Amino acid sequence: MRILIIGSGGMLGVDLVEQWTGDDVIPATSYDVDIRDIRQLRYFITQVHPDWVVLAAAYTDVDGSERNPEQAFAVNGDGTRNVARIAQELGRKLFYVSTDYVFDGASHQPYEPDDPIHPLNVYGASKAAGESAVREESKYWMIARTSWLFGASRTSFPEKILRAAACQPQIKVVADQIGSPTFTKDLATAIRDLVRSDAQGILHITNSGSCSWFEFAKEVLLRAGCNTPVLPITTAEADRLAKRPAYSVLSPASLTVRGIKLRSWQEAVRAYVAELRQMGKMDW
Ligand SMILES: NC(=O)c1ccc[n+]([C@@H]2O[C@H](COP(=O)([O-])OP(=O)(O)OC[C@H]3O[C@@H](n4cnc5c(N)ncnc54)[C@H](OP(=O)(O)O)[C@@H]3O)[C@@H](O)[C@H]2O)c1
């Protein structure tokens, strides 16, 4: 199969390209194609002629989206619509990566794909617009919602925690938001396997289990052998611009029914820390 990965320079995109052996994979960064430009996109996808387009490109700055909603909607809403429209026009299948932030967090049990969405912030609303565009424009699609991504190719939450813990006597982390950390390497292999099985529809992909950001941070420091104390704080104390769901755990049922189960988030943290060490990223 020929697979076009749009967003190959991003945190997930790097791992998608790395993990996707055995197929003809064409990586596309924002320098190769801007999804806001439908003419450029049509030319690019026509030239590449893929069986599947995997859309991992997005505007992912959650607080930045509050300051700049036009940009969030231009990329995540209109840009996604462009990709879906061209994929359909050229008869290509589309895999869209979405987010737990389409939910409002009022639930007390893991969200299923069919649960009603109600984003609390601009980023979530723009990704929800992307989901609608995929459903409206294309006939052969898969939407995979995921959450709390971390990967070694970019500076994500756990690396920020390690850096902060290395130079501060103690660190403070939010303890009243619950979700499922997801290692981009594990997500990438799940996406590859779903595409290979020609899956369609909407589903949820995360590492197994759930925790707060506070518990996530403590696990990262434990695995890295760092003793810096971590203090729990509330969302209100963290004073971030964008509202975030208090609970955004995604149910694994839609994934396990397709024969895929991801390891626990704690095991994934161990693998991540080992990868950081191997890359020499913990030598500060
Ligand atoms: N990060 C998370 O915690 C999280 C959680 C849930 C879901 N997701 C979703 O997972 C996917 C991957 O996220 P990620 O964290 O890997 O994102 P990321 O590291 O921010 O990478 C996104 C990529 O999209 C590219 N891009 C942005 N605007 C573009 C445009 N107009 N045209 C073409 N490419 C463009 C960026 O290129 P430049 O860098 O060159 O601008 C970047 O390489 C996204 O769909 C995101 O919404 C992420």
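For this chain, numbers begin at 1 and follow the sequence in order. In what follows, every heavy atom counts, from backbone to side chain, and hydrogens, waters and symmetry copies are set aside. Since this is a predicted model, take the numbers as computed values, not measurements.
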Could you tell me which non-hydrogen atom of [X] sits nearest to which non-hydrogen atom of [Y], and how far apart they are?
{"X": "Gly179", "Y": "Val249", "value": "CA-CG2, 4.0 Å"}
{"X": "Ser254", "Y": "His204", "value": "OG-N, 3.0 Å"}
{"X": "Leu94", "Y": "Ala87", "value": "CB-CB, 4.5 Å"}
{"X": "Glu137", "Y": "Ala84", "value": "CB-CB, 3.6 Å"}
{"X": "Ala72", "Y": "Ser65", "value": "CB-OG, 3.7 Å"}
{"X": "Ser251", "Y": "Glu112", "value": "OG-OE2, 2.8 Å"}

Are the side chains of [Y] and [X] in contact, using a 4.5 Å heavy-atom criterion?
{"X": "Val75", "Y": "Arg36", "answer": "yes"}
{"X": "Gln168", "Y": "Thr228", "answer": "no"}
{"X": "Leu276", "Y": "Leu162", "answer": "yes"}
{"X": "Val97", "Y": "Ile191", "answer": "yes"}
{"X": "Tyr272", "Y": "Arg223", "answer": "no"}
{"X": "Ile260", "Y": "Ile205", "answer": "no"}
{"X": "Tyr247", "Y": "Tyr111", "answer": "yes"}

When you measure from the side chain of [X] to the backbone N and O of [Y], does any donor-acceptor pair fall under 3.5 Å?
{"X": "Arg39", "Y": "Asp37", "result": "no"}
{"X": "Asn76", "Y": "Tyr59", "result": "yes"}
{"X": "Ser264", "Y": "Ser208", "result": "no"}
{"X": "Lys172", "Y": "Ala238", "result": "no"}
{"X": "Ser147", "Y": "Ser180", "result": "yes"}
{"X": "Asp15", "Y": "Leu12", "result": "no"}
{"X": "Arg192", "Y": "Trp20", "result": "no"}
{"X": "Lys281", "Y": "Ala152", "result": "yes"}
{"X": "Arg244", "Y": "Tyr101", "result": "no"}

Starting at [atom1] of [X], measure out to [atom2] of [Y] and round the result to the nearest 0.5 Å.
{"X": "Thr146", "Y": "Asp100", "atom1": "OG1", "atom2": "CG", "result": "7.5 Å"}
{"X": "Phe44", "Y": "Ile26", "atom1": "CZ", "atom2": "CD1", "result": "8.0 Å"}
{"X": "Ser248", "Y": "Asp104", "atom1": "OG", "atom2": "CG", "result": "10.5 Å"}
{"X": "Thr182", "Y": "Leu250", "atom1": "OG1", "atom2": "CG", "result": "7.5 Å"}
{"X": "Gln88", "Y": "Leu90", "atom1": "CD", "atom2": "CG", "result": "9.5 Å"}
{"X": "Arg81", "Y": "Ile86", "atom1": "CZ", "atom2": "CD1", "result": "12.5 Å"}

Q.
Run the side-chain contact (heavy atoms from CB on, under 4.5 Å) test on Asp198 and Trp52 for me, step by step, so that the C-alpha distance in whole Å, both residues' side-chain angles and the decisive distance to 0.1 Å come before the verdict.
A. CA-CA 9 Å; Asp198 243 2; Trp52 277 88; 3.5 Å; yes

Within a radius of less than 6.0 Å around CD of Gln278, do more than 12 heavy atoms belonging to other residues, nucleotides or ligands occur?
-> no

query: For atom OH of Tyr140, is the number of surrounding heavy atoms from other residues, nucleotides or ligands below 6.0 Å larger than 12?
result: yes

Result for ring pair (Phe, Tyr, Trp, His ring centres under 6.0 Å) between Phe157 and one of Trp265, Phe150, Phe216, Phe214 points to Phe216

Closer than 4.0 angstrom, basic N to acidic O: yes or no for [X] and [Y]?
{"X": "Glu275", "Y": "Lys185", "value": "yes"}
{"X": "Asp193", "Y": "Arg258", "value": "no"}
{"X": "Arg135", "Y": "Glu131", "value": "no"}

Arg85 vs Glu89, test: salt bridge (Lys or Arg N to Asp or Glu O under 4.0 Å). Steps then yes/no. CA-CA 6 Å; Arg85 194 167 281 173; Glu89 201 178 293; over 6 Å; no

Original post:
Given the rule in the side-chain contact (heavy atoms from CB on, under 4.5 Å) test, do Ile171 and Leu221 qualify, once you have shown the distances and angles that lead to the verdict?
Top reply: CA-CA 11 Å; Ile171 56 172; Leu221 295 182; 4.0 Å; yes

Practice problem: Apply side-chain hydrogen bond (donor to acceptor under 3.5 Å, both in side chains) to the pair Asp176 and Thr234, showing each step before the final yes or no. | Solution: CA-CA 6 Å; Asp176 58 358; Thr234 63; 4.8 Å; no

The side chain to side chain donor-acceptor pair (under 3.5 Å) partner of Arg240 among Thr235, Asp63, Asn121 is Asp63

TODO: Using the six-membered ring wherever Trp is involved, compare the ring planes of Trp213 and Trp148 and label them parallel, tilted or perpendicular (cut-offs 30° and 60°).
DONE: parallel

